[in-house]
Amino acid sequence: MPEVIFNGPDGRLEGRYHHGKSPNAPLALLLHPHPQHGGTMNNKVVYALYHAFVRRGFSTLRFNFRGVGRSQGKFDNGQGELSDAASALDWMQSFNANASACWVGGFSFGAWIGMQLLMRRPEIDGFVSVAPPANVFDFSFLAPCPSSGLIVHGTNDDLVPEPTVAKLAAKLATQRNIKVRYQTIEGANHFFGTHLEALDGMVDAYLGESMVARPTAPPPVPEPELAVALP
């Protein structure tokens, strides 16, 4: 889990990266909760997502948005953070030219940013959104949602009422050519607390099912050597 520093649109960004063992390893980019409410890449939910993807063989990156930790810049109300996420995906792709798939995952604010990135990057073909804040942010841009994915929410979430997320998931599930699975964790609040193990198992099972039928990737070509840049 080496520390990496890469260039973002508003300065350097700090992350943690695991390089998959397979030359065709799929990619996963994970996005953290709201920077102004204590969200960082070390959030427990983001950390659980990170390891779920790593166990499934993904080349996986989690990073701090601008102004968080050692990432440069300042909070930009979502627009700059979306640009940060795009730069992070660019960085991963530079080391994984033969990736067999590309996924984005996010928790809360990070789920909102991740779904916007999904709309802008056609190479993303799967998503995991945990506790998307459907009562706070507008998700109407998902028209239509271009990829299948998993939405997970806690039944006792007092920050994002479960019915608002159920409504979003139901709307997405009616779209053609994709499948959106909506699952709840009984008793879990917004931060999942003692329910992280259940969340981990749910995500792991979904990834296992989703990757079984993936088409075989083309023969690999040499990838550039991963350079870990530290300040």
Side-chain angles (χ1 to χ4, degrees), residues 1-6 8 13-20 26-71 73 75-76 78 80-89 91-92 102-118 124 126-134 136-137 149-154 157 159-160 165 183-185 188-207 210:
M1 189 168 47
E3 177 181 11
V4 294
I5 300 291
F6 55 93
L13 296 172
E14 170 192 22
R16 300 290 185 276
Y17 175 69
H18 170 85
H19 194 64
L27 304 182
L29 175 65
L30 303 177
L31 307 174
H32 68 71
H34 204 295
Q36 294 190 317
H37 297 139
T40 78
M41 65 177 173
N42 295 321
N43 171 273
K44 291 182 180 180
V45 172
V46 175
Y47 191 79
L49 290 175
Y50 180 89
H51 283 283
F53 277 97
V54 167
R55 285 196 308 272
R56 287 292 177 177
F58 284 70
S59 288
T60 310
L61 173 68
R62 70 185 201 273
F63 76 99
N64 280 328
F65 287 125
R66 58 184 62 198
V68 178
R70 290 198 292 162
S71 290
F75 181 67
D76 192 34
E81 287 71 25
L82 177 56
S83 296
D84 292 343
S87 293
L89 183 56
W91 182 86
M92 271 207 302
C102 183
W103 286 61
V104 62
F107 169 43
S108 195
F109 173 85
W112 179 58
I113 298 296
M115 297 303 278
Q116 291 181 74
L117 186 67
L118 180 73
I124 299 176
F127 70 86
V128 175
S129 288
V130 178
V136 178
F137 296 109
L150 171 68
I151 298 175
V152 182
H153 206 71
D157 192 324
L159 297 180
V160 181
V165 180
Q183 294 184 271
T184 58
I185 297 180
N189 63 16
H190 189 69
F191 302 100
F192 290 85
T194 59
H195 296 82
L196 286 172
E197 186 174 344
L199 174 63
D200 179 87
M202 195 171 285
V203 173
D204 180 75
Y206 181 78
L207 293 178
S210 299

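Note: hydrogens, waters and symmetry copies are ignored here, and every other heavy atom, side chains too, is used. Treat the numbers as computed from the prediction; the structure is a model and nothing was measured.
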Under 4.5 Å between any side-chain heavy atoms of [X] and [Y], yes or no?
X: I151; Y: F127; value: yes
X: P133; Y: L159; value: no
X: E197; Y: F192; value: no
X: P132; Y: M115; value: no
X: W103; Y: L207; value: yes
X: L61; Y: F6; value: yes
X: S108; Y: V45; value: no

Shortest non-hydrogen contact from [X] to [Y]?
X: Y50; Y: Y17; result: OH-C, 3.4 Å
X: V165; Y: V160; result: CG2-CG1, 3.6 Å
X: V4; Y: R16; result: CG2-N, 4.3 Å

Q: Hey, can you tell me if F109 and H34 have their rings parallel, tilted or perpendicular (30° and 60° cut-offs)?
A: tilted

With a 3.5 Å distance limit and no angle check, can you tell me whether [X] reaches the backbone of [Y] through a side-chain donor-acceptor pair?
X: D84; Y: R66; answer: yes
X: T184; Y: H153; answer: no
X: N64; Y: M41; answer: yes

Using the ring centroid of each side chain, check whether F63 and W91 are separated by less than 6.0 Å.
no

Are Y47 and H32 close enough that their ring centers fall under 6.0 Å? no

So OG of S59 and CG of L27: to nearest 0.5 Å the spacing works out to 6.0 Å

